[in-house]
There are 2 protein chains.
Amino acid sequence: MRSTKARRDILDLFHNEDVPLSADYVYELLNGEYDRSTIYRNLKNFENNGKLRSIVFSDKITYFYKGSEHFHFIYCVKCKKFERFDLCYSESISKYITENLGYKVLGHTLYFEGICKNCQEEMKK
Amino acid sequence: MRSTKARRDILDLFHNEDVPLSADYVYELLNGEYDRSTIYRNLKNFENNGKLRSIVFSDKITYFYKGSEHFHFIYCVKCKKFERFDLCYSESISKYITENLGYKVLGHTLYFEGICKNCQEEMKK
DNA sequence: TTGCTTTTGCAAATGGTTTGCAAATATTAT
DNA sequence: ATAATATTTGCAAACCATTTGCAAAAGCAA
Ligand SMILES: [Mn+2]
Ligand SMILES: [Mn+2]
Ligand SMILES: [Zn+2]
Ligand SMILES: [Zn+2]
């Protein structure tokens, strides 16, 4: 992997951000400075290198995020923003699946959908 | 909703089946007897009527399944099949999210990926 | 059956993502 | 620093699951 301006700029967006970003949003954050194919290719590269992770929500869009720890997201269906939370009981479920169904578990996806505090207040007005 | 042969045939596929089916697979199971648009339209109708539910996995394909109870799936990345399991701790997570983050929780998505018993044995050969 | 409404098939459109290819850029060797 | 080599980029076209407009076909109540 060579170091290019595109790659540095893209990765910088994730530095102090633990919420997932779509390729399209990355494109916008960089003011269209790079072609979408460049964004897509590099996000995927970063994922293969372990620098980013990705998740697909029910909107079928791939979102990328940084983070080596294990955590999950709740998505606000009103303002379309994510928030991270660190609770997860999948260890025990994973154990159950291994022992009772015989699977070798490789991973899991867990996310919540709801309406955030702000949006609830907006709706009351 | 009128009763048509297409609708009866489609819904029949889900009767004794609690694993998710994609529109394309439904199309194949019915030997291409109906146009894909008919399949897509009706699956979505069934979902809106509460006769089916849907879930999007990391492959970005919508899968439909029948079931009023709450359960989840594990997906075998080798043979691309699903198996249902009934364990879920999201009640407590939901409570956490409501109380600590202020969200009104509408739902959650949880699924596991792994390698099933059969496929593990296949790999040993 | 008639008449009205919903559903279907077909073809074209959609939208996020991927890909081939030639030009541009980063890296390495001279 | 320059030239040679390998990688990356931009552009346009392709992909692929899904959706949509529209006219023909099918369901349904009377
Ligand atoms: Mn987890
Ligand atoms: Mn659950
Ligand atoms: Zn919100
Ligand atoms: Zn398997």
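Each chain gets a letter, A, B and so on, in the order the sequences are listed, and its residues count up from 1.
- B/Tyr111 and B/Phe82 have their aromatic ring centers separated by at least 6.0 angstrom.
- Summarising the geometry, the separation between OH on B/Tyr27 and C1' on C/dT8 is reported as 14 Å, rounded to the nearest angstrom.
- Position along DNA chain D of the nearest nucleotide to B/Asp24 versus B/Arg8 favours B/Asp24 as the more 5'-ward residue.
- Looking at A/Leu52 and A/Phe14, their side chains come closer than 4.5 Å, going by heavy atoms from C-beta outward.
- Using a 4.5 Å cut-off on side-chain heavy atoms (C-beta onward), B/Tyr27 and B/Tyr40 make no contact.
- Comparing B/Asn45 and A/Ala23 along DNA chain C, the residue whose closest nucleotide (by nearest heavy atom) sits nearer the 5' end is B/Asn45.
- When distances run from any side-chain atom of A/Ser37 to the nucleotides C/dT17, C/dT8, D/dA12, the shortest one goes to D/dA12.
- Distance A/Tyr40 OH to C/dG16 P: 7 Å, rounded to the nearest Å.
- The nearest whole Å value for the distance from the NZ atom in A/Lys60 to the P atom in D/dA17 is 10 Å.
- Within 4.0 Å (heavy atoms only), B/Thr4 reaches sugar-phosphate atoms of the nucleic acid but no base atom.
- Ring geometry for B/Phe85 versus A/Tyr96: interplanar angle of 30 to 60°, hence tilted.
- Nucleic acid contact class of B/Thr62 (heavy atoms, under 4.0 Å, all strands): sugar-phosphate only.
- Nearest nucleotide to the A/Tyr34 side chain, out of D/dG10, D/dT8, C/dG9: D/dG10.
- Residue A/Asn49 contributes atom CG, which lies 14 Å from atom C1' of D/dT7 at whole-angstrom precision.
- Put simply, the side chain of B/Arg2 and the base of C/dT5 share a donor and an acceptor less than 3.5 Å apart.
- Between A/Arg36 and A/Ser3, the residue anchored nearer the 5' end of DNA chain C, judged by the nucleotide with its closest heavy atom, is A/Arg36.
- B/His70 has its side chain within reach of B/His108: a pair of non-hydrogen atoms, C-beta onward, lies under 4.5 Å apart.
- Among the protein residues, A/Lys5 comes within range of no part of the nucleic acid, since none of its heavy atoms lies under 4.0 Å from any strand.
- The interatomic distance linking A/Tyr25 (OH) with C/dG16 (P) rounds to 16 Å, in whole Å.
- Nucleic acid contact class of B/Asn42 (heavy atoms, under 4.0 Å, all strands): sugar-phosphate only.
- In this structure, A/Phe46 atom CZ and D/dT8 atom P are separated by 10 Å, rounded to whole Å.
- Rounded to whole Å, the distance from CZ on B/Arg7 to P on D/dA26 is 15 Å.
- Taking atom CD1 of residue A/Ile39 and atom P of nucleotide C/dG15, one finds them 20 Å apart after rounding to whole Å.
- For B/Arg41, counting side-chain heavy atoms from C-beta on, the closest listed nucleotide (C/dT7, C/dC10, D/dA17) is C/dC10.
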